[in-house]
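Quantities reported herein were computed from a predicted structural model and do not represent experimental measurements.
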Amino acid sequence: MRFSKTFIPTLKEIPSDASIPSHQLMLRAGLMRQLTAGVYAYLPLGYRAMLKAAQILREEMNAIGGQEFHFPALNPESLWIQTNRRHIPNLILSIKERDLVLAPTHEEVVGWIASMHIQSYKDLPQIWYQIQTKFRNEPRPRSGVLRGRQFIMKDSYSLDATWEGLDERYQMHAEAYRRVFTRCGLDFFVVGASSGAMGGSGSQEFMVDSENGEDTVARCKQCGYAANLEVATSGLKGIGRIGENKPVEEFSTPNVRTIDELAAFLKTSDERLAKSVVYRHGDTPVLILLAGNDQLNESKLTAALGEGPVRPMDAGDLRNLTGADGGSIGPVGLKGFRIVADKRLEGANGLISGANRNDRHLKNIDLTRDVRLDGYFDLRTVASGEPCPQCEAPLTVTNAIEIGHIFKLGTKYSEALGATFLDENGRTQPIIMGSYGIGIERIIACHIEQSHDEHGIIWNKALAPFAVHIIAASMNNKETVLTANQLYRAFSEAGIETLFDDRSSVTAGVKFKDADLLGMPFQIIVGERGLREKKVEMKRRATGERTQVPVDDVLMTLKSLLAEKPALS
Ligand code: ATP
Ligand code: MG
């Protein structure tokens, strides 16, 4: 394409509302513009890159037998009521006048089609996929296209007759995803994850290491253990039992409101100070007991308590129920609450906790003797430095961006939607489903996060909007214009996607700056001086390396450079 005729609105300044590199560069290089919070228009260069990612996805999905569908974004609200997902917080945008919702994902539509047309085990397995816009009522869209309210996802769904079949489909997707992200040139890793609002059991996320990520993961350098903090565990031991069992004793703790204040007051940071946290699960009040200053993990709590919304109890609510404030709450003699404890407290005694009266605490609490517990669950958040659950080496906790997510849904949706089949014995069974999503924008933004410098984007060959950027240094020099045009034609005829900076309105300096900002893998600089020796300059954007190449050899050189494949890991 000729630059002079292409819409590439570059920006010199860093936009003030963009805080992370990918967001800044996608705006500066003219890839996209924000229409409103979390909603973006993709401009020609940005959309070309997205189509590259989509094509890689399409090829790898087709290679595992995936069939491409186009599903409606507008869904009747009733379909989502059927699966009990209509009111999941922060998920669904709706059009109230028509009882329609904008689909945030497509399990419901897949289940609906399957319920009509999958009849027998002979119709299974199936892999159905789509590359389409999804809508989500994200409360805090930020970090540019990484979290939009409208975004494009490759989503696929597997339908199986057996659980072994589901395992197979899941594995096929895991491998296809590795190929996709490798081909996209992303440095990624895989973690065990929770399945969140989707429900289901086995779940893995594909992650990109980034301080700008909203996910937190625990990783072990020694054995490779990696898990989202929502489910990560550590080898930290339980606190166990100590000494002889003494009777519970109440004591005064004036103005102590937090576990830190209690530790300071008692001059100890002992983990036998049991921290109490109060939540509501639906309408039920829940007290959660943790060792010392362990942090409660809401995802784990939600999983432990089962169906229904989980939210922190507000202070007034707690005072009405117990007469005490948060800092003085404890499990002994607490009525009307469900009480759960973290596994590290299993069987523990000698604990200190609130007395359910302000400024009073209890000591010598024995959980096996003094508390009516509903059970021990893994409820704490793993912290950096704790021993790996597999090999005891220290874990590191870092931020990451989720680029893909695969999970085994099981029969939750097929049961809700009546998507059944007749098995070999003629019995009606629910179809066993899996679901597998990848965000197109996140592929692009993550690549830019991982591949840029102070001058701009550094595209790899797989995702670059154009493979080559020809720069005619001066449009006033006949020889330059002639050669640049000839090369542009030759490249185009050879099927090499080329951007040709033929602008006469800007200086060579501006063209060089723009070429580095836009970041195509190869720049061909055509200038008067080089042409005297019948040469042009080839610059590799990634390394800055420059070579003089005879005009007659440029096409061949480029062809062989473009054919080089990145190593598959
Ligand atoms: P997150 O935890 O980041 O909200 P999710 O678990 O809701 O993600 P899934 O429902 O599993 O995501 O969606 C599959 C993929 O779609 C994600 O791995 C991600 O790449 C992409 N994705 C999800 N939400 C968004 C969003 N709001 N904006 C852009 N891409 C998204
Ligand atoms: Mg989400």
Before accepting this row, confirm whether a basic side-chain N of the pair [X]/[Y] lies closer than 4.0 Å to the acidic partner's carboxylate O.
X	Y	result
Arg85	Glu108	yes
Lys134	Asp155	yes
Asp209	Arg219	yes
Arg149	Glu441	no
Asp366	Lys246	no
Lys96	Glu77	no
Asp160	Arg169	yes
Glu271	Arg344	yes
Asp325	Arg257	no

Does the pair Ser328 and His361 meet the rule for a side chain to side chain donor-acceptor pair (under 3.5 Å), with working shown?
-> CA-CA 7 Å; Ser328 306; His361 276 75; 5.3 Å; no
Go through the steps to decide whether Glu250 and Lys363 satisfy the test salt bridge (charged side-chain N to carboxylate O under 4.0 Å, His left out), and finish with yes or no.
-> CA-CA 6 Å; Glu250 189 170 316; Lys363 60 183 173 187; over 6 Å; no
Would you say the side chains of [X] and [Y] form a donor-acceptor pair under 3.5 Å?
X	Y	value
Asp260	Asn293	yes
Thr302	Lys300	no
Glu386	Ser384	no
Ser143	His23	no
Ser158	Tyr170	no
Thr381	Gln295	no
Asn228	Glu205	yes
Glu107	Tyr413	no

Step-by-step side chain to side chain contact (heavy atoms under 4.5 Å, CB included) determination, Gln429 to Thr420 | CA-CA 5 Å; Gln429 305 278 6; Thr420 57; over 6 Å; no
Check whether more than 12 heavy atoms from other residues, nucleotides or ligands sit under 6.0 Å from atom [atom1] of [X], and answer yes or no.
X	atom1	value
Asn320	CG	yes
Asp314	CG	yes
Trp112	CH2	no

For a quick test of your reading: what N or O donor-acceptor pairs under 3.5 Å do the side chains of residues 13-22 make, sequence neighbours left out?
{"unit_1": "Ser22", "atom_1": "OG", "unit_2": "Glu449", "atom_2": "OE2", "d": "2.6"}

Mind checking what makes ring pair (Phe, Tyr, Trp, His ring centres under 6.0 Å) contact with Phe71, not counting sequence neighbours?
-> Phe69, His106
Any side-chain heavy atom of Met153 sitting closer than 4.5 Å to one from Gln132?
-> no
Given side chains that start at C-beta, do those of Val208 and Asp187 come closer than 4.5 Å, heavy atoms only?
-> no
Test the Lys343-Phe377 pair against the cation-pi criterion, namely NZ or CZ under 6.0 angstrom from the six-membered ring centroid and within 45° of the ring axis.
-> no
Taking all atoms of both residues into account, what is the closest heavy-atom pair of Leu367 and Leu373, and its distance?
-> CD1-CD1, 4.4 Å
Are the side chain of Ser451 and the backbone N or O of Ile448 linked by a donor-acceptor pair below 3.5 Å?
-> no
Any pair with a residue in residues 206-241 that passes ring-ring contact (aromatic ring centres under 6.0 Å, His included), sequence neighbours left out, goes on the list, sorted by first then second residue, please.
-> Tyr177-Phe206, Phe181-Phe206
Examine Tyr279 together with His281 and report whether their ring centres are nearer than 6.0 Å.
-> no
In Å and rounded to the nearest 0.5 Å, what is the NZ to SG distance from Lys221 to Cys391?
-> 12.0 Å
